[in-house]
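None of these values were measured; they are calculated from a predicted model. Every chain is numbered from 1 and lettered A, B, ... according to where its sequence line falls, protein lines coming before strand lines.
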Protein chains: 2
Amino acid sequence: MTAEAVDGRRAKGERRRALLLEAALRVVERDGVAGVTHRAVAKEAGQPPSSATYYFESIDDLLVAALVRSVDAYAARLREATESPDPVAALAETLAAELARGRAPVIAEYELYLLAARRPALRATAQRCVDDLAALARRCTGDPVAVKAFCACVDGLLLQALVTGASPDASGIEAVLRLAMAGSEPAGGVP
Amino acid sequence: MTAEAVDGRRAKGERRRALLLEAALRVVERDGVAGVTHRAVAKEAGQPPSSATYYFESIDDLLVAALVRSVDAYAARLREATESPDPVAALAETLAAELARGRAPVIAEYELYLLAARRPALRATAQRCVDDLAALARRCTGDPVAVKAFCACVDGLLLQALVTGASPDASGIEAVLRLAMAGSEPAGGVP
DNA sequence: GAGAATCTTGCACAAACGTCCAAGTTTCTC
DNA sequence: GAGAAACTTGGACGTTTGTGCAAGATTCTC
């Protein structure tokens, strides 16, 4: 994709690195961030422990890469909802469906997300996450305060659902998001 | 406080346990949840390692107790704001001041908070946190959806401030919270 | 004061971890 | 094909961790 002639050595390496990264995400889902070790990830990927240390010098590198990958996946889902005729409804459905399918992946996302609070190197990635959300909101309102409220609501709703064990349905989520979006201007509306 | 005649042995024990718990919170602030080990906490408390294993059988017990303590402190601050003439403004000031004083304690709170997502035993404590927030909101609006939006906004604003490194001021926070509180009814208002 | 309950501590053990290295393999360049 | 570059792997090292235990000190009960 990037260059016409690929180095077969590097290509194989990147494929392997991706395998390890996916394994790392599964480990985070299963055992939390604390469970991420070189050995555990390599074992999950069905590879020798040395390979994990080769591709990720420190355990921190591994977590950083995992967050980036997690945010990428999130951004993709977000973009899909953004392009829908009713972004708010689409997002509400997406979030509810994710929670219903299983909490572990969502927990993993937020554990990695929170990791950015301690690592300045991750702030740009976290910011991207919020920006994508704001882009969705701006399709429905011009009020910047409403955009902030909307973004905060999304993270707050998910976080609270996770920690309290509640399972809000799509309509409940949508109602809250719609309210946050309403803002001072009565209707930004879809054009 | 609880009984008239206290057992000196148990009293000493509880004092020591409290010391360890405070040390544990400092460790979480400094090194994150991952840094919490029996030895690290004992060292932080200036006590022999064995004492940590005596009072907290597993490392999980320690974290659970730490979360409960953290939520207790949060609830106290929340109650203070709730009793203010303008709860929303008071809460906004409290949150902004906390962020300004230092992010580490807030990060620690959320790391522990998120811990509840994996431990059913902690859900009640996390729920209490949300309930206290909802109680504050209900002093300003009767709309249950607005209450939910308000609670979500508080967690979302703090979480996003932490992960993006932003430092919202009191007025910015207040504006967002006020919007979430507004709801469909134009004014619940303070009586 | 005698005996029981609780607290307190040092120590030793196995397991798991990050890290490093050196030898071997594949792939590319020329 | 020869040499360089990148990948791959197994193994060893020292450190840290959780855990359990046994002996001692403190406090309460009678």
Whole-Å distance separating the CG atom of B/Leu62 from the P atom of D/dT17: 14 Å
A/Glu57 CD - C/dC20 P separation (whole Å): 8 Å
Short side-chain N/O contact to D/dT8 OP1/OP2 from A/Ser51, under 4.0 Å: no
Salt-bridge present (B/Asp72, B/Arg128; N to O < 4.0 Å): yes
hydrophobic_cluster_shared for A/Leu179 and A/Leu157, side chain cutoff 4.5 Å: yes
Sugar-phosphate only, base, or nothing, as touched by B/Thr37 at under 4.0 Å among non-hydrogen atoms: sugar-phosphate
Shortest side-chain distance from B/His38, nucleotide among C/dC17, D/dG18, C/dT19: D/dG18
Neighbour count above 12 (heavy atom, 6.0 Å) for B/Gln47 CD: yes
Heavy-atom side-chain proximity of A/Glu98 to A/Glu109 below 4.5 angstrom: yes
First encountered from the 5' end of DNA chain D, between B/Ser58 and A/Pro49: A/Pro49
Spacing of A/Arg39 atom CZ relative to C/dC20 atom P, expressed in whole Å: 13 Å
For atom CG of A/Asp61 and atom P of C/dT19, their distance in whole Å: 9 Å
Rounded interatomic separation in angstrom, taking CG from A/Leu63 and C1' from C/dC17: 15 Å
Touch class at under 4.0 angstrom, heavy-atom based, for A/Phe56 against every strand present: nothing
side-chain N/O A/Thr53 vs C/dT19 OP1/OP2, d < 4.0 Å: no
Nearest-Å distance for atom pair OH/P, residues A/Tyr54 and D/dA5: 13 Å
Verify same cluster id: A/Val130, A/Leu159 (apolar side-chain graph, 4.5 Å): yes
side-chain N/O A/Lys12 vs C/dT26 OP1/OP2, d < 4.0 Å: no
Interatomic distance, A/Arg10 CZ vs D/dC7 C1' [rounded to whole Å]: 11 Å
Nucleotide D/dC7, atom C1' - distance to CD of A/Glu14 in whole Å: 13 Å
